[in-house]
Amino acid sequence: MSRAYNFCAGPAALPESVLKQAQEELVDFQGLGLSLMEMSHRAPEVVAVAKQAEVDLRELMAIPENYKVLFLQGGASSQFSMIPMNLLGDKKTADYVNTGQWSKKAIKEAQRFCDVNVVATDEANNFTRVPAFDSWNLNSDAAYLHYTPNETIGGVEFDFIPDVDVPLVADLSSTILSRPIDVSKFALIYAGAQKNIGPAGITVVIVREDFIGNTLPGTPAMFDYKIHADNDSMYNTPPTYGWYLAGLVFAWLKGQGGVEAMEALNRAKQEKLYSFIDNSGFYSNPVAVNNRSWMNVPFTLADASLDALFLQKAEDARLLNLKGHRSVGGMRASIYNAVPMDAIDTLIAFMSDFEKEQG
Ligand SMILES: *Cc1c(COP(=O)(O)O)cnc(C)c1O
């Protein structure tokens, strides 16, 4: 049985070669006679896998020396509360940009810990653009500014890095490693693995050292970056297998030419798909052109009563997981690093045929 094209928003497609390597090594890791899954996280072979993953991620993202890379659990959603717990310090307020469903969740969680100043929101436009930077209501006394560079559900992406005076925090869950990014501009970057890194169950946090070690009183150990940093993310049992798979993906990315090569490929992939959508009279995308996501492409059909038929026929053509998020409806094609150009071409051919039959 051959592999289908998977446009899932997350957990998302993984490179086939990574899955094959994992399969080969699954039962007997490095001739040790057991699976990596069955080994102690303190075993030198497992520690080596974990360390190499960090080395490769540091190289891919050119992460400066004064940043710690943590491999945690709890998903990006846990970071919504860990960030205020670790970064507020003596401050009583933090700035948040509201560009969609993930921003809203981050804001809601931060409100447990501080006054949240929403510097800008695009809710009135149904989250279809990033509010212009010069309209933001910034607070110079904020502990940090949090934003979501790519809103996975709405398919809305920032075309700039906010230039603010307070520490910058970014939820890069669905866009990390899709192109180069200047890590030194951020106090903290975080990403759940299941979009562009590996399987669900691991969360990468990249945090500048001086933002570690100043938690709110009463912060539990598992929510304290310092505890994790001091223990090389092995304070408790880490998700060893997810960490290993993330490492395989990092090695795969290096083999593909790194994030520069990914940028070229991802740019071409999204250009092709949006240009097809824009040139059709049948499909449309509501997002402002300069804020269209490279990774998540939502689109609607001219006649929503054809949605179910579209999805059924797509599935028959082995184009999977194109249904839009339940909160917005329509379709969404997530085209992360592991989704090849062939998948885009096949999807466009399918959409074109469907339009001819039904449009
Ligand atoms: C998927 C996603 C999340 C939630 O990730 P979990 O790992 O499920 O907690 C948060 N933010 C963004 C931008 C996402 O895409």
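Whatever order the structure lists ligands and atoms in, that order sets their numbers, starting from 1. Heads up: numbering here begins at 1 and tracks the sequence.
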Side chain, backbone, both or neither: which part of Asn150 has a heavy atom under 4.0 Å from ligand 1?
backbone

Heavy atom of the protein closest to atom 9 (O) of ligand 1 (residue, atom name, distance)
Ser77 OG, 2.6 Å

Check the angle between the aromatic planes of Phe282 and Phe354 and answer parallel, tilted or perpendicular using the 30° and 60° thresholds.
tilted

Here the atoms of ligand 1 under 4.0 Å from any heavy atom belonging to Gly75 are 7 (O), 9 (O)

What do you reckon, does Gln194 put a non-hydrogen atom under 4.0 Å from ligand 1?
yes

Kindly identify the option in Met295, Lys195, Lys105 whose heavy atom sits closest to atom 1 (C) of ligand 1.
Lys195

Taking the inter-plane angle between the rings of Tyr283 and Phe299 on a 0 to 90° scale, is it parallel (under 30°), tilted (30 to 60°) or perpendicular (over 60°)?
perpendicular

Side-chain donor-acceptor pair under 3.5 Å between Asn296 and Tyr336, yes or no?
yes

Going by the atom numbers of ligand 1, which of them fall below 4.0 Å from some non-hydrogen atom of Thr152?
12 (C), 13 (C), 14 (C), 15 (O)

Which label fits Tyr5 and Phe7: parallel for a plane angle under 30°, tilted from 30 to 60°, or perpendicular past 60°?
tilted

Would you call the rings of Phe158 and Tyr147 parallel, tilted or perpendicular if under 30° counts as parallel and over 60° as perpendicular?
perpendicular

With a 4.0 Å cut-off, would you call Glu263 and Arg267 a salt bridge?
yes

Ala76: numbered ligand 1 atoms lying under 4.0 Å from its heavy atoms
3 (C), 4 (C), 5 (O), 6 (P), 7 (O), 9 (O), 10 (C)

Show me which atoms of ligand 1 lie under 4.0 Å from any heavy atom of Asp171.
10 (C), 11 (N), 12 (C), 13 (C)

